[in-house]
Amino acid sequence: MAQQTLHSRTAVVTGAASGIGEAVARRLVADGARVALLARRRDRLERLAAELGPNALAVPADVTDQASVDDARRQVQAAFGRVDLVVNAAGVMLPNPVDDGRIDEWTRMIDTNVTGVLRVIGAFGPDLVAAGAAGATADLLNVSSIGAHVVFPNYAVYGATKAAVTQLSAALRAEYGPRDVRVTSVEPGLTDTELGSHIDNPALGPDGQLGDMFDAIGPLSPADVADLVGYVVSRPRHVNLRHVVVLPTRQA
């Protein structure tokens, strides 16, 4: 199946300051799209935008803050016009036993991984619907996790947030598909990003369980996941790759 050009596409990528979000932004710009880079860390975004050139726009935004997302929408539309591609890659992973009662971590994961995704969809969903109605290709791609399906001890709340993203994507296909908006959930397995550095339990972090998994399995790189995203969104308009799981070979 032939690769479709992204030169006419306008994208929003959240979590673009690092990891999968940054890699996806790089891939989309390389494939010709104009890309709005959304994340909290202004300095990283501005460096990335300067590196990627005029087709990249740094838009500091916090997906846990509705006013910030609303302001990001206004900035993106003022600079680039209508958006036809949204990649929700912002996320946080904070494993701990449920018995620890870490409501602070639970709240942060739910607000970023679930409500943050919904805020971005609420902001840019009307653009996607308008693009579909105009005959353009329109994509909503949500980065979930294999943790949505596979149980990992101490990752109960994180897995629950990602299961919500996968289920949300499935439900949105029923709402958006008839209006020519494609919805895809991508579920990566073990991937080498900075998420592990946020873990405050040494037994579970890079020097503990997570590090042991990296040594035993060998992780994907963010570029591996971005390569898959680039493939998904470059299919012909009538083709929706609805649910894609990508794993390191030793984890498969």
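For reference, positions follow the sequence shown, starting with 1. The structure displayed is predicted, hence computed values, not measured ones.
Using a cut-off of 4.0 Å between Lys/Arg side-chain N and Asp/Glu carboxylate O, R74 and D70 are scored as not salt-bridged. A salt bridge is defined here as a Lys NZ or Arg NE, NH1 or NH2 lying under 4.0 Å from an Asp or Glu carboxylate O, and R9 with D84 meets this definition.
Linking ILVMFWY side-chain heavy atoms closer than 4.5 Å, directly or via other members, places I20 and V232 in a single hydrophobic cluster. Under the 4.5 Å side-chain heavy-atom criterion for grouping Ile, Leu, Val, Met, Phe, Trp and Tyr, Y231 is connected to V29 within one hydrophobic cluster. Put simply, L118 and V87 are part of two different groups of oily side chains (I, L, V, M, F, W, Y) that touch within less than 4.5 Å, one to the next.
Test D62, N88, D111 against R119 for side chain to side chain donor-acceptor pair (under 3.5 Å) and you get one pass: D111.
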Show your working on side-chain contact (heavy atoms from CB on, under 4.5 Å) between L57 and V35 and close with a plain yes or no.
CA-CA 6 Å; L57 175 71; V35 181; over 6 Å; no
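For CZ of R42, the number of neighbouring non-hydrogen atoms (other residues, nucleotides, ligands) closer than 6.0 Å is 12 at most. Within 6.0 Å of atom CZ in R250, 12 or fewer heavy atoms from other residues, nucleotides or ligands are found, so the atom counts as exposed in its surroundings.
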Distance-only donor-acceptor pairs under 3.5 Å for side chains of residues 161-168, two or more places apart:
{"residue": "T161", "atom": "OG1", "partner": "N113", "partner atom": "ND2", "Å": "3.1"}
{"residue": "T161", "atom": "OG1", "partner": "Y158", "partner atom": "O", "Å": "2.6"}
{"residue": "K162", "atom": "NZ", "partner": "V143", "partner atom": "O", "Å": "3.1"}
{"residue": "T166", "atom": "OG1", "partner": "S144", "partner atom": "OG", "Å": "2.8"}
{"residue": "T166", "atom": "OG1", "partner": "K162", "partner atom": "O", "Å": "3.4"}
{"residue": "T166", "atom": "OG1", "partner": "E187", "partner atom": "OE2", "Å": "2.6"}

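The salt bridge (Lys or Arg N to Asp or Glu O under 4.0 Å) search around R26 returns E22, E51, not counting sequence neighbours.
Listed here is the closest heavy atom pair of I199 and P95: CG1-CD, 3.5 Å.
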